[in-house]
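Notes for the one structure printed next.
Any value given below was found using the heavy atoms of this structure, including those in side chains, with hydrogens, waters and symmetry copies removed.
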Amino acid sequence: MWYNNKVTEILGIKYPIMQGPFGGGLSTPRLAATVSNMGGLGGYGAYTMSPQDIYDIDKQIKSLTNNPYNINLWVSDTDAVNGTVSNEVYEYTKQRFKSYFDKAGIEMPDKPVPFKSRFENQLQAILDIKPKVFSFMFGLLSEDVMEQCRKRDIKLVGAATTLDEAVALNNSGVDMIIASGFEAGGHRPSFLAPAEQSTTGTFVLIQLIKEKVNVPVIAAGGIATGSGIAAAFTLGADAVQIGTAFLACEESGALPAHKEALFSDAAKYTMLTRAYTGRLGRGINTKLGLDLIGKENDLLPFPLQTTFMSFLRKAALEKQKHDMVLFWGGQIAPILKHRKADVLMKSLIADTTDILG
């Protein structure tokens, strides 16, 4: 059977189907547990969370499933030098965005407080919790951290957007590599070259990486159906990670307006933009995002831009001015059909089995 392979053997799961571990409150214990209970690998994006929050979420997931699941962190969680920017830079950004804040009817916020990386403290939570899978983005883990994870039998999965990144991850000793194509929704986890220069498509990236690494490859980006899974496996993938299709399900933490957008005609038009967080990510087109194409110098570095834009996001959502809110989503969104995670999993498994046997 197509699902009996190295990935399912290593992870102790039935089907090599992974749920994308969304950050920023979009993941939920219920979604992760549903996917894991259906034989896949549920995921939880924890990069914005405190260690205590991670412990608490882990307890919630464990109360809902006895099966393996994945917790995801970002190796690099700030682009701001010393965690901040000068007053001059902030004032410049404020002026560039003033018209949008005026349209939302709110005052411009004060400069975000300096950001201190959470990653080192979050790592201790991972080592204590010992999830079956620890996936990470935006970089490589240190040899010491990897050794500590191996001692705890935590499987390590890194994300690559280019062949060079995949080779670097392979050489570092990860157990599996996610081939993250530019079709995917959410942030682009590039770490060796600027994200704008790291836009290889999923099905090309699978083939490039498969030729050069000796660990299983997980295809991510542009996959939401059994035929997509079958195509990825035909090209050499050993598993798939599906994001947008699970994000649209009722079990995710996405707002109702976000989920409806993913099932609307608006989902046909997505863009890569830094406007909302300071890092490049794909979501449904907005006027604000389109206005700022090519004006990246007007933005604050990640995550200060996220903090700055959170005030605008809150006001825009309250007034239903969704053209100023970025709803994450991949290019595959227009063919989404399922609104419940268990129904989606059943469909993925059945349709892939019909094709691959």
Side-chain angles (χ1 to χ4, degrees), residues 19-28 31 45 48 97 99-101 103-104 137 161 180-190 195-196 199 201-202 220-225 228 241-296 298-299 302-303 305-306 308-339 341 344:
Q19 169 236 319
F22 323 118
L26 298 176
S27 289
T28 67
L31 176 59
T48 62
F97 281 83
S99 63
Y100 301 106
F101 280 79
K103 184 178 179 182
M137 301 160 56
T161 63
S180 180
F182 78 96
E183 302 95 330
H187 285 100
R188 303 298 302 133
S190 305
E196 287 85 354
T199 53
T202 303
I223 301 170
T225 62
Q241 179 172 282
I242 294 175
T244 302
F246 282 114
L247 184 62
C249 290
E250 66 176 39
E251 294 89 349
S252 88
L255 294 171
H258 187 165
K259 293 171 185 175
E260 288 307 313
L262 290 173
F263 285 106
S264 74
D265 284 345
K268 293 187 294 185
Y269 310 104
T270 66
M271 64 186 304
L272 288 168
T273 178
R274 292 180 180 268
Y276 292 86
T277 69
R279 282 188 176 172
L280 195 69
R282 184 177 297 283
I284 297 173
N285 283 9
T286 66
K287 183 178 185 305
L288 187 154
L290 294 170
D291 287 348
L292 292 166
I293 289 175
K295 300 176 182 176
E296 284 74 21
D298 299 342
L299 310 176
F302 179 90
Q305 182 73 10
T306 306
F308 174 66
M309 293 295 284
S310 66
F311 297 90
L312 182 61
R313 174 183 170 82
K314 182 176 184 294
L317 286 171
E318 289 174 352
K319 298 179 180 181
Q320 297 188 344
K321 295 181 180 293
H322 294 157
D323 208 34
M324 291 192 287
V325 179
L326 184 70
F327 290 136
W328 298 118
Q331 290 182 330
I332 200 67
I335 69 168
L336 299 184
K337 295 181 177 64
H338 304 293
R339 295 177 183 260
L344 172 59

For F263, is the CZ atom crowded, meaning more than 12 foreign heavy atoms sit under 6.0 Å from it?
yes
State, with a plain yes or no, whether a side-chain heavy atom of F182 is found less than 4.5 Å away from one of Q331.
yes
CG/L317 to CE/M324 distance, rounded to the nearest 0.5 angstrom?
9.5 Å
Taking the side chain as every heavy atom from C-beta outward, state whether K259 and R339 have any pair of such atoms under 4.5 Å apart.
no
pair Q305-T277: side-chain heavy atoms closer than 4.5 Å
no
Taking the side chain as everything from C-beta on, heavy atoms only, tell me whether P21 gets closer than 4.5 Å to Q241.
yes
Less than 4.5 Å apart, any side-chain heavy atom of R282 and any of T244?
no
For the atom pair CG (L262) and CZ (F327), what is the distance rounded to the nearest 0.5 Å?
9.0 Å
Can you tell which of L290, L326, T273, D323 makes a side chain to side chain contact (heavy atoms under 4.5 Å, CB included) with N285?
L290
Roughly how far, to the nearest 0.5 Å, is NZ of K319 from NZ of K314?
10.5 Å
Drop me the distance from T286's OG1 to K321's NZ, to the nearest 0.5 angstrom.
14.0 Å
Does L299 reach the side chain of F97, with side-chain heavy atoms less than 4.5 Å apart?
yes
Does S180 reach the main-chain N or O of T161 with its side chain, forming a donor-acceptor pair under 3.5 Å?
no
For S27 and G45 the tightest heavy-atom approach is OG-N, 3.2 Å
Check whether the ring centres of H187 and W328 lie less than 6.0 Å apart, and answer yes or no.
yes
Heavy atoms, side chains only, cut-off 4.5 Å: are M271 and I284 in contact?
no
In Å and rounded to the nearest 0.5 Å, what is the CD1 to OG1 distance from I335 to T225?
5.0 Å
Rounded at 0.5 Å granularity, tell me how far SG in C249 sits from NE2 in H338.
8.5 Å
Quick one: are L247 and H258 in side-chain contact, heavy atoms under 4.5 Å?
yes
